[in-house]
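Take a look at the structure below.
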There are 2 protein chains.
Amino acid sequence: MQKPFFWDSTHVDSGQVHPSSLSEQLREDVEEQIVTGAYGPGARLDEVELAAAFNVSRTPAREALIQLGAAGFIEKRQRKGWVVAEIPANRLCEMFEVMAELEAMCARLAARRGTEAEHQAILAAHEACRQACEAKDPDAYFRLNEEFHFAIYNASQNQFLIDQARVLQRRLRPYRRLQLRVRSRIGKSFEEHEAIVKAIMAGDADAASALLKAHVVVQGERFADLVASLEACKRAAQ
Amino acid sequence: MQKPFFWDSTHVDSGQVHPSSLSEQLREDVEEQIVTGAYGPGARLDEVELAAAFNVSRTPAREALIQLGAAGFIEKRQRKGWVVAEIPANRLCEMFEVMAELEAMCARLAARRGTEAEHQAILAAHEACRQACEAKDPDAYFRLNEEFHFAIYNASQNQFLIDQARVLQRRLRPYRRLQLRVRSRIGKSFEEHEAIVKAIMAGDADAASALLKAHVVVQGERFADLVASLEACKRAAQ
DNA sequence: GATGCTATTTCTGTATACAGAGAAGGCCAT
DNA sequence: ATGGCCTTCTCTGTATACAGAAATAGCATC
C-alpha cells in the first residue's frame, strides 16, 4: 500500500467542508456510484476490492460500507459481504407512497409559509423544466425535475423535512431514472408541475398538497409497471 | 485487553438474530442508553473510553459510533469526538411536525386497509392504555402509549412507513419522556386516543388522519413549552 | 460413482501499531 | 505580567496483523 498520507491537497481546496477522511471520501464516492446506477442492485461491494480500488487499507473501506449500510443503500448478507440493496418491487411502491406523503407535506407548507424568494425559486426551476420539456431532452428534464422538487422542499421552512425528503429522493433516484424511458411521461409530468406551481403560488395548501401527492404516486405506479421489465433486465445482466 | 473471544454464549442464545458482532452489540447498547436518556444530549462518547467500558478494542467502538452517527443519534464535532446529538428546540419542533405527518399517514392507511387482526391489536393496546390511565401510572402509560402508536403503524400495511415511523419515534423518545411530567396530559392523551380509535374502526380515514396528526402536533407544542426548562436543566447538569 | 470426512483457503471481525495534526502547557522575551 | 513561540502530549484516522469460523476442495471410503 502506502504510507498514510491523510488528505492530499486535491481535497482540502474543494469548497466542501466534508471529506476530511478517506472513509467519508469513499462513502461519498460509492454512494454516488450507487445513486447514479453505476453499481446496480445486487452488485457486490467487497471491502478488500474496494480498498484496493481506492488504494487504501480495509479500515476506511469498511467504515464507508458501514455508513452506507446504516443509510440503507447497501446491506450485509451473511458470509457474502456487502451488496447494493435489492429493494423488492413492493417495498419500492411503499417507499414511493411515503415519498408522496413527504412531498405533499412540503407542498402544503410551501404554499402556506414559503417566502417570496422561495416561491420565485420554484417558478424559476419550473421554467427551466419547461425548456427541457420543449427541447424534449429527457436527461436535462430528469435533472431539472429534481431541482424543481428540491425547490419545493426548500420552501417548506422545515429543515428536517427537507433533509428527509432529499434522503429518500436520493434512495429512490436510481429507480426513478428508469422512468426516463417512458418518453410520453415528460409532457404529463410538466403539466402536473404547472398545476402544482399554480396552487402553491395561490397559497392553496390543500390543492398543492393533493396535486403533488398524486404527481409522485403516479410516478410510483408508472414505476410499478416498469418493475417487471427491470427484474427481467436484472436477471439478463446476471 | 484480551484475546478476541467473539460472542460468548450470553448472546447467541438470545432469540435475536442480530448481535453477531461486538460493534452491533455496542451500537444497540449505546443507542438504548441514548434513547432512554441515560446519555443526555451533549454527553461525550469517547471511543477509547467506550472501548474500555465494554472491554473491547477501539475498532468495534468506532464502528458502533459511526453507525450511531449515520442514524443521527450522535454527531462528530471536529477535534472533540462524538457527542450525543443536541437537537435544538426548533429542529425538534420540525421533527414533531414530520412525525405528525407520518403518523397521520399511518392512521389513514390503518383505517383504510388495516386487517381485522390489526384493528383488534389497536383496540387491545388502547384498553391497556386505559388501565394505565385510570391507575394514574405515568411510566406504564408512557410505555403502553408507545405500543398503541406502534399498533397503528403496524396496521398501515406499509413496512417502509412502519420502519420510518419507528425510527423517528425512537429518535424523539428521549424528548417525549419529558412530557411525563405534565400529569394532566395523560387524561387528555387518552381521550384523543379514544377518538382516533373510533375513527379507525369506523374506517373514517380522513378523521383518523386528522385526529392523529393533531394528537402528535399537540405533543410537539406541549414539548415546545417544556423546552425552556429542559435547556435550563441541561445547563444546570453541566 | 457417490458420499462423508478432513484439510486448506478465504473471509470477516477484532486488536494493535503508527503517524500526523491539534491542543495544551511551559518557557522565553519584551 | 503578558504575549508569542516551541515542545509535548493527546486524539483520531489509517494500516496491518491476527484469529476464528465458514466455505471449498480434495481425498478416502463405502
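Every heavy atom of this structure was used, including side-chain atoms; hydrogens, water molecules and symmetry mates were not. For clarity, every value in this text was computed on a predicted model and none was experimentally measured. Just so we're on the same page: letters track the sequence lines, and every chain starts at 1.
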Exercise for the section: Measure from the side-chain N and O atoms of B/E94 to the backbone N and O of A/F160, and report whether any donor-acceptor pair falls under 3.5 Å. Expected result: yes
Which pairs of donor and acceptor atoms, one on a side chain in residues 33-48 of chain A, lie under 3.5 Å apart (sequence neighbours left out)?
| unit_1 | atom_1 | unit_2 | atom_2 | d |
| --- | --- | --- | --- | --- |
| A/T36 | OG1 | A/E32 | O | 2.9 |
| A/T36 | OG1 | A/Q33 | O | 3.2 |
| A/R44 | NE | A/K80 | O | 3.0 |
| A/R44 | NH2 | A/K80 | O | 3.2 |
| A/D46 | OD2 | A/E49 | N | 3.2 |
| A/E47 | OE1 | A/R62 | NH1 | 3.4 |
| A/E47 | OE2 | A/R58 | NE | 2.7 |
| A/E47 | OE2 | A/R58 | NH2 | 2.7 |

Exercise for the section: Scan B/R170, B/R171, B/R173 and name whichever one has a salt bridge (Lys or Arg N to Asp or Glu O under 4.0 Å) with B/E31. Expected result: B/R170
Fill in the blank from the handout: note: B/R58, atom CZ; C/dC18, atom P; distance rounded to Å ~ 14 Å
Practice task
Please state how far atom CD in A/E47 lies from atom C1' in C/dT12, giving the value in whole angstrom units.
Solution key: 6 Å
Problem - Sequence-distant partners of B/D137, salt bridge (Lys or Arg N to Asp or Glu O under 4.0 Å), two or more places apart - result: none
Fill in the blank from the handout: Sorted by chain and number, sequence neighbours left out, side-chain hydrogen bond (donor to acceptor under 3.5 Å, both in side chains) with B/R166 holds for none
Handout entry: With A/E97 via side-chain hydrogen bond (donor to acceptor under 3.5 Å, both in side chains) - residues at least two apart
Key = B/R113, B/N158
Handout entry: Sorted by number, the residues of residues 61-78 of chain A with heavy-atom contact under 4.0 Å to DNA chain D
Key = none
Practice task
Using whole Å, report how far CZ of B/F54 lies from C1' of C/dT14.
Solution key: 16 Å
Exercise for the section: Return no unless some side-chain N or O of A/S23 is found under 4.0 Å from OP1 or OP2 of D/dT14. Expected result: yes
Fill in the blank from the handout: B/R143 meets the salt bridge (Lys or Arg N to Asp or Glu O under 4.0 Å) criterion, sequence neighbours left out, with none
Exercise for the section: Can you check whether any acceptor in the base of D/dT16 is under 3.5 Å from a donor in the side chain of A/T59, or vice versa? Expected result: yes
Handout entry: Between D/dC11 (C1') and B/W82 (CH2): distance, integer Å
Key = 15 Å
Handout entry: Rounded interatomic separation in angstrom, taking CD from B/E24 and C1' from C/dG13
Key = 12 Å
Handout entry: Protein-nucleotide distance (A/Q25, atom CD; D/dT14, atom P), rounded to Å
Key = 10 Å
Exercise for the section: For A/E147, check salt bridge (Lys or Arg N to Asp or Glu O under 4.0 Å) against everything at least two apart and list the hits. Expected result: none
List every contact pair, protein side and nucleotides 6-11 of chain C side both N or O, where the distance is under 3.5 Å.
| unit_1 | atom_1 | unit_2 | atom_2 | d |
| --- | --- | --- | --- | --- |
| C/dC11 | O2 | A/R79 | NH2 | 3.2 |

Exercise for the section: Specify the separation, in whole Å, of atom CG of A/L50 and atom C1' of D/dA15. Expected result: 16 Å
Completion exercise
A/R79 meets the salt bridge (Lys or Arg N to Asp or Glu O under 4.0 Å) criterion, sequence neighbours left out, with none
